[in-house]
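This report concerns only the one structure given below.
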2 protein chains.
Amino acid sequence: MRSDRAATLQDIADRLGVSRSTASFAITGRGRVSEEMRRRVQEVAAELGYRPNTVARNLRGARTGMIALRLPPDSTAMSYYMEATFGIVEEADRAGMIVFMLPTEQRPEGVDQLPADAVIALDPALDDPVVHLLLSGRVPVITGEPVPEGMPSPRGEVTSDHEPAVRELMDHLHQRGMAHPAIVLPDLQSHWAFTVRDVFAAWCAEQGIRPRVVTLPHPAAPEVIHGAVADLLREQDHPVDAILSVSDGTVLSVVTSAQSLGRRVGEDLLVAAFVDSEVLALAQPSITAIDLHPREFGRRCVRAALAAIDAAAAGDDRVVRELVPVAVQRRDSTRGPVAR
Amino acid sequence: MRSDRAATLQDIADRLGVSRSTASFAITGRGRVSEEMRRRVQEVAAELGYRPNTVARNLRGARTGMIALRLPPDSTAMSYYMEATFGIVEEADRAGMIVFMLPTEQRPEGVDQLPADAVIALDPALDDPVVHLLLSGRVPVITGEPVPEGMPSPRGEVTSDHEPAVRELMDHLHQRGMAHPAIVLPDLQSHWAFTVRDVFAAWCAEQGIRPRVVTLPHPAAPEVIHGAVADLLREQDHPVDAILSVSDGTVLSVVTSAQSLGRRVGEDLLVAAFVDSEVLALAQPSITAIDLHPREFGRRCVRAALAAIDAAAAGDDRVVRELVPVAVQRRDSTRGPVAR
DNA sequence: CTGAAAGCGCTAACAG
DNA sequence: CTGTTAGCGCTTTCAG
């Protein structure tokens with residue numbers, strides 16, 4: 001029954017012998033139109049399988065109905081970003097918006113004028129030129145995690161509430177007998193990496209413990225991780241009894257390295273990660289980690305983006321801020337000594 | 001120097017005292033326009049920071065410039081999809097197109113009339129109603145992996161060349177001493193899962209080996225996997241000496257379960273996965289897997305999509321087909337007995 | 001309560 | 001070689 005080309009407002013109007021505008025008002029529910037008319041329009045619309053042409057609608061409204069999403073380069077392995085992305089897509093969909101992904105190797109040309117109403121940039125890194133361009137462009141940018149010092153300010157910032165969780169994790173490890181912790185950091189120029197490092201250091205200082213920090217290239221090859229773990233476990237004076245790995249991919253290598261060096265993870269060596277992922281629950285022993293609630297985080301990014309779009313339209317240049325709670329997932333890798 | 005609103009073709013035209021169309025032709029390079037004129041237009045365009053308004057351009061061209069991407073539900077953990085997505089985004093970008101993601105919980109309403117020039121659906125599952133809707137909709141669909149029997153045919157199919165790789169993997173395991181293999185399958189209604197199962201069964205039949213197939217819910221909880229592995233290893237008559245796990249998340253649990261049951265993976269138990277991911281190289285022992293080249297796969301999907309778009313415009317309804325080679329990554333988990 | 005008409009920014013006949 | 005003009009499908013004043 002339906003023709004090859006999509007039905008337009010004009011088709012509906014013609015069918016009813018009314019004008020386009022009447023049909024439009026009836027469909028959007030915005031204008032003054034009789035109840036009877038609205039009913040008939042809806043009916044014909046349904047019959048013709050009418051879908052408003054979003055392109056035309058957006059052209060008219062000087063909007064695009066789109067949110068651009070920038071993930072950090074080299075993020076492909078982290079399920080965190082995948083989850084966050086789905087959260088973003090889900091919430092955008094509820095607002096009738098579409099999420100498109102920026103290519104990792106974005107050509108800088110034109111990136112300051114994307115066909116989008118807002119950009120969401122997750123974990124913006126200080127050394128990511130694309131993010132710099134984005135931030136100085138025309139479209140409002142919301143970052144997932146704040147921008148590191150030295151970058152232009154975004155129009156919105158959604159932040160995970162890392163500090164209390166990191167402290168809770170440290171306290172938990174302490175309770176389970178940790179005396180000589182080490183942290184394995186990726187060399188990422190992101191706010192998240194910086195925060196975790198600083199809170200770790202602060203906690204250690206408060207406890208009068210020497211903070212051992214190992215920085216590894218990102219992404220790190222297994223041998224590199226293995227070497228770093230071996231170094232930590234072989235230290236003569238105070239062999240490490242807990243290793244905190246910032247990224248979830250790395251922690252698996254940490255565990256297997258430690259095991260191959262004769263350590264029993266969860267017993268004589270505690271291990272945890274600062275970002276959770278499905279495989280950490282599947283591993284054996286299961287690995288304690290901080291659940292960053294990426295899906296909810298993504299949803300909040302979209303809400304911040306919508307707020308920023310409205311604000312920008314109203315000439316309001318306040319920065320939207322949101323804080324997302326996170327949770328420590330205690331698992332077997334930090335259960336502590338079975339027998340002393 | 002640049003005003004608040006974005007520059008338009010009219011702005012350029014006014015500045016040069018020419019007409020919009022001249023500016024348009026000069027920018028797109030399509031029309032007949034003097035070299036001199038083109039140069040001046042380009043110059044002013046650069047100066048004003050002109051970017052063509054894609055929304056307007058697409059409205060005019062009755063196109064959207066967008067490709068919709070549908071990932072299977074419950075795919076969040078698999079890095080395969082993330083890689084494939086980046087390949088898709090990258091290649092689409094080269095063609096000046098944008099990739100937006102469909103929400104997992106897509107409302108069926110209107111899905112047959114998406115604002116997209118093509119849809120790419122990865123691993124379409126027989127029981128996914130959204131894919132059915134998509135396939136009977138107006139916009140051409142390209143599937144990554146063929147649709148299972150019983151679904152409408154898509155306009156394009158990109159397939160991984162699984163069979164030779166699965167055979168190569170089986171031969172490899174056989175060489176390394178495998179006598180009693182088992183396969184652990186997720187209960188996915190996808191072509192991929194069906195193919196892998198069938199090739200496994202065929203290979204076993206040719207060798208006169210009894211094919212042991214265990215089907216697990218997807219996603220499977222670690223205890224479930226552990227239970228299945230325990231059953232396989234405890235079989236009295238012919239305890240299994242090789243476990244093939246279809247999904248990459250599951251294989252990690254298989255390894256740790258086997259280890260906790262006293263097996264030495266890579267020595268007295270061979271383990272491999274049918275889809276590779278970064279963590280499999282990082283695990284210890286590193287795990288043999290089939291590298292599906294997801295990035296390249298994604299790129300091919302886009303090329304097929306572009307071909308399908310052109311074909312559809314030309315009224316041509318041939319189905320575009322592509323076969324992507326895959327590669328077995330041999331790692332420590334299938335090294336075989338150190339000493340017999 | 002409804003119709004006519006303008007226009008969002010762009011492209012592509014068709015004239016000159 | 002360039003200008004004029006007519007839309008793409010939609011929303012939204014402004015008249016009636």
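Quick caveat: nothing in here was measured; it's all calculated off a predicted structure. Within every chain, numbering begins at 1; the chains are lettered A, B, ... in the order of the sequence lines, protein sequences first and strands thereafter. Note: hydrogens, waters and symmetry copies are ignored here, and every other heavy atom, side chains too, is used.
- The backbone N or O of A:M82 sits nowhere less than 3.5 Å from a side-chain atom of A:S79 that would complete a donor-acceptor pair.
- For the residue pair A:D117/A:T64, the side-chain donor-acceptor check at 3.5 Å is satisfied.
- Under the side chain to side chain donor-acceptor pair (under 3.5 Å) criterion, B:T159 pairs with no residue at all, not counting sequence neighbours.
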Checklist entry - When you check every protein heavy atom under 4.0 Å of nucleotides 4-10 of chain C, what one-letter string (B, S, -) results, 5' to 3'? => result B-BBBBB
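- Under the rule for a salt bridge (charged side-chain N to carboxylate O under 4.0 Å, His left out), B:R60 has no partner lying at least two apart in sequence or in another chain.
- In this structure, CZ in B:F100 is found 5.5 Å from CG in B:L114, a value given to the nearest 0.5 Å.
- Overall, the helix from C:dC1-D:dG16 to C:dG16-D:dC1 carries an axis bend of 50° between its ends, with five pairs at each end and the value rounded to 10°.
- If you take CG of A:D14 and P of C:dG3, they are 12 Å apart, rounded to a whole angstrom.
- B:R15 is linked by a side chain to side chain donor-acceptor pair (under 3.5 Å) to B:E47, counting only residues two or more places apart in sequence or in another chain.
- For B:E149, the side chain to side chain donor-acceptor pair (under 3.5 Å) test picks out no residue, with sequence neighbours left out.
- The nearest whole Å value for the distance from the CD atom in A:E35 to the P atom in C:dT2 is 11 Å.
- If you take CG of A:L48 and P of D:dG9, they are 14 Å apart, rounded to a whole angstrom.
- Of the listed residues (A:T104, A:D128, A:D123), just one forms a side-chain hydrogen bond (donor to acceptor under 3.5 Å, both in side chains) with A:R70, and that residue is A:D128.
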